[in-house]
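Labels below follow one simple rule: chain letters A, B, ... track the order of the sequence lines, proteins then strands, and each chain is numbered from 1. In this text, all values refer to a predicted model and were calculated from it rather than measured experimentally.
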Number of protein chains: 2
Amino acid sequence: MVYAIEYLAKALKAARENKKLSQRALSQKIGMPQAHISKIENAAVDLRASNLVELARALDLEVMLVPRKHVPAVNSLIGSSVLPGTERREQVPAYRLDAEDENG
Amino acid sequence: MVYAIEYLAKALKAARENKKLSQRALSQKIGMPQAHISKIENAAVDLRASNLVELARALDLEVMLVPRKHVPAVNSLIGSSVLPGTERREQVPAYRLDAEDENG
DNA sequence: CATTTTGATATGTTGAAATATATCATTAAA
DNA sequence: TTTAATGATATATTTCAACATATCAAAATG
């Protein structure tokens, strides 16, 4: 377990599930073995930075370096949608049965 | 050269220089060989995610996954201060001779 | 209910390639 | 001279791909 990147692993997993992609579908999309994606999402491996960027982009995310003092503002801006801990439980509004494509 | 992470490498280098830290000082701060930091800043190696997080935090930066649609807003929010090309020259106010701890 | 099938995810192994690290040398600049 | 940056070498550790297989959940079927 690589604790330092656990939050990134969880964010990647959450983003994939948000897009309703299976690990297999994602693996075919970027040409990375499904088994490796599983290990990454469980923080069982310390993935390389280029793989992090590639994986993120496949999920419409960008890896950014944010000054610590701006982190709260950024979090509120993006609704902490990619931060673990903000599980966004079954908060799905009853009137919205299907979310899927949230990005522009 | 690992092109996919070149922008991260440049951002790390810019952030370090902004804090007026030498590679050696940074290396001692986080216990990473100075020679390795040099390779990282030149994108000569594909560093591991945990090292990216550790390096970023030592420079008061956080590695975040930002939804693509929010990237422009985040960039304007943080003033693109960590994006290379925004060198932020000698903008240090004359009345402030010593910066160091910027975070609250 | 029990069984089986199906889909998705997790785990384990092997071998090749690359990083991580330490150390030392060189170069350049203050 | 002192400090900083880069480059080279050698060794240890780890990722990563490929592949097989195990686990788990849900659905279908007997």
Student: Report the distance from atom CG of A:Leu55 to atom P of D:dA17, rounded to the nearest whole Å.
Tutor: 11 Å
Student: Between the opening five pairs and the closing five pairs of the helix from C:dC1-D:dG30 to C:dA30-D:dT1, how far apart are the helix axes, to 10°?
Tutor: 40°
Student: Looking at B:Leu59 and B:Arg16, what are the two nearest heavy atoms and their distance?
Tutor: CD2-CA, 3.7 Å
Student: Salt bridge (Lys or Arg N to Asp or Glu O under 4.0 Å) with A:Lys39: which residues, sequence neighbours excluded?
Tutor: none
Student: Do B:Ile5 and B:Met1 sit in the same hydrophobic cluster, where Ile, Leu, Val, Met, Phe, Trp and Tyr count as joined when their side-chain heavy atoms come under 4.5 Å apart?
Tutor: no
Student: Test of understanding: with side-chain hydrogen bond (donor to acceptor under 3.5 Å, both in side chains), list the residues that count as partners of B:Arg68, not counting sequence neighbours.
Tutor: A:Glu62
Student: What is the distance from CD of B:Glu17 to C1' of D:dA5, rounded to the nearest Å?
Tutor: 11 Å
Student: Would you say A:Asn51's side chain and A:Leu47's backbone share a donor-acceptor pair under 3.5 angstrom?
Tutor: no
Student: Looking at C:dT9, D:dC16, C:dT21, which one has an atom nearest to any side-chain atom of A:Asn51?
Tutor: D:dC16
Student: Please confirm whether the shortest side-chain N or O distance from B:Arg16 to OP1 or OP2 of D:dA5 is below 4.0 Å.
Tutor: yes
Student: Strictly below 4.0 Å, heavy-atom distances to any atom of DNA chain C: list the hits from residues 22-32 of chain A, or just say none.
Tutor: A:Ser22, A:Gln23, A:Arg24
Student: Verify the contact: side-chain N or O of A:Ser38 to OP1 or OP2 of C:dA10, cut-off strictly under 4.0 Å; return yes or no.
Tutor: yes
Student: Below 3.5 Å, can you tabulate the donor-acceptor pairs from side chains in residues 27-34 of chain A to any protein atom, sequence neighbours excluded?
Tutor:
{"residue": "A:Ser27", "atom": "OG", "partner": "A:Arg24", "partner atom": "O", "Å": "2.8"}
{"residue": "A:Lys29", "atom": "NZ", "partner": "A:Ala58", "partner atom": "O", "Å": "3.1"}
{"residue": "A:Gln34", "atom": "NE2", "partner": "A:Gln23", "partner atom": "OE1", "Å": "2.9"}

Student: Going by heavy atoms closer than 4.0 Å, what residues in residues 41-48 of chain A are next to DNA chain D?
Tutor: A:Val45, A:Asp46, A:Leu47, A:Arg48
Student: Does A:Glu54 have any side-chain hydrogen bond (donor to acceptor under 3.5 Å, both in side chains) partners at least two apart in sequence or in another chain, and if so, which?
Tutor: none
Student: Please evaluate the base of C:dA10 for a donor-acceptor partner in the side chain of A:Gln34 within a cut-off of under 3.5 Å?
Tutor: yes
Student: A:Ala25: what forms a side-chain contact (heavy atoms from CB on, under 4.5 Å) with it, not counting sequence neighbours?
Tutor: A:Leu21, A:Ser22
Student: What pairs with B:Ser50 under side-chain hydrogen bond (donor to acceptor under 3.5 Å, both in side chains), at least two apart in sequence or on another chain?
Tutor: A:Asp46
Student: When you compare the protein's N or O atoms with those of nucleotides 12-14 of chain C, which come within less than 3.5 Å of each other, and at what distance?
Tutor:
{"residue": "C:dG12", "atom": "O6", "partner": "A:Lys39", "partner atom": "NZ", "Å": "3.3"}

